[in-house]
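Everything on this sheet refers to the single structure shown next.
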Amino acid sequence: SQKIEQNSEALNIQEGKTATLTCNYTNYSPAYLQWYRQDPGRGPVFLLLIRENEKEKRKERLKVTFDTTLKQSLFHITASQPADSATYLCALDGGNTGFQKLVFGTGTRLLVSP
Amino acid sequence: SQTIHQWPATLVQPVGSPLSLECTVEGTSNPNLYWYRQAAGRGLQLLFYSVGIGQISSEVPQNLSASRPQDRQFILSSKKLLLSDSGFYLCAWSVGRPYGYTFGSGTRLTVV
């Protein structure tokens, strides 16, 4: 069956370091992969989208990689700040249907300490 | 600019009571609309999606239904709530690929 795996354990890092979050998937051939940020009690906020033919995408301090051979995406936050503390969700869009339907991972909680 | 409104923010309902959650989108036409549910410690589960007025697709058989009476209005309903319906309900819209979703602020539903 299709599966999206994100580390369920919280990632604790120190301010200024680079945070790296992992998203692995199986039995899936996504045309797009997206990353979202979710704060407690709030709806997720879209951050970045990467296509299957793109290896890397950047936006300010954020970087996403997409390896369709490994079936993995890495999400990096450089020069992390306490304000980056949140849960980060990856989401896959199969692309093989006529309609966009995202399937979400369970998310990884990031804690950035001063 | 586009905005999405979802209400109420929190709701406590007894088992067996009806439910109606509403979501409206402003600043765009013919959006794709979605209802997701997020249970504690779990990922977002897609419940319903809609490509247009009156067009509803269900992803998971359950005690809920959805309707889209107007282009930018999406309603989630239940005739009789179950304890298992408790969760965080999120409405979202999108213009389609290759763009992301915009989520509402969510409704925390507790069935008691």
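The chains referred to below are lettered A, B, ... by the order of the sequence lines, with proteins before strands, and numbering in each begins at 1. Please read all numbers here as calculations on a predicted model, not as lab measurements.
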Heavy-atom pair of closest approach, residues [X] and [Y]:
{"X": "A:Tyr32", "Y": "B:Arg97", "value": "CE1-CD, 3.4 Å"}
{"X": "A:Gln34", "Y": "B:Gly100", "value": "OE1-CA, 3.3 Å"}
{"X": "A:Leu49", "Y": "B:Pro98", "value": "CD1-O, 2.9 Å"}

Using 0.5 Å steps for rounding, measure from the NZ atom of A:Lys101 to the OH atom of B:Tyr101.
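It is 9.0 Å, given to the nearest 0.5 Å.
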
Roughly how far apart are B:Phe103 CZ and A:Tyr36 OH, rounded to 0.5 Å?
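Spacing of CZ (B:Phe103) from OH (A:Tyr36) equals 5.5 Å.
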
Verify same cluster id: [X], [Y] (apolar side-chain graph, 4.5 Å):
{"X": "A:Phe46", "Y": "B:Ile4", "value": "no"}
{"X": "B:Tyr89", "Y": "B:Leu44", "value": "no"}
{"X": "A:Phe66", "Y": "A:Ile4", "value": "yes"}
{"X": "B:Phe88", "Y": "B:Leu21", "value": "no"}
{"X": "A:Leu92", "Y": "A:Leu21", "value": "yes"}

Please flag which part of B:Tyr34 lies under 4.5 Å from any non-hydrogen atom of chain A: side chain, backbone, both or neither.
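Contact with chain A involves the side chain of B:Tyr34 alone.
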
So what's closer than 4.5 Å to chain A heavy atoms on B:Gln38: side chain, backbone, both or neither?
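For B:Gln38, the side chain is the part near chain A, not the backbone.
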
Pick from A:Thr106, A:Leu102, A:Val103, A:Val45: which one has the most heavy-atom pairs with chain B under 4.5 Å?
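Highest number of pairs under 4.5 Å: A:Leu102.
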
Chain B: which of A:Gly43, A:Ser8, A:Ala91 shares the most heavy-atom pairs with it under 4.5 Å?
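Among A:Gly43, A:Ser8, A:Ala91, the one with the most close pairs to chain B is A:Gly43.
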
In terms of heavy-atom proximity below 4.5 Å to chain B, should A:Leu47 be classed as side chain, backbone, both, or neither?
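Contact with chain B is absent: no heavy atom of A:Leu47 under 4.5 Å.
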
A:Gln38, part contacting chain B, at a heavy-atom distance under 4.5 Å:
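Answer is side chain: those atoms of A:Gln38 sit under 4.5 Å from chain B.
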
Flag if over 12 foreign heavy atoms under 6.0 Å of CD, A:Glu9
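No, because the 6.0 Å sphere around CD of A:Glu9 holds 12 heavy atoms or fewer from other groups.
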
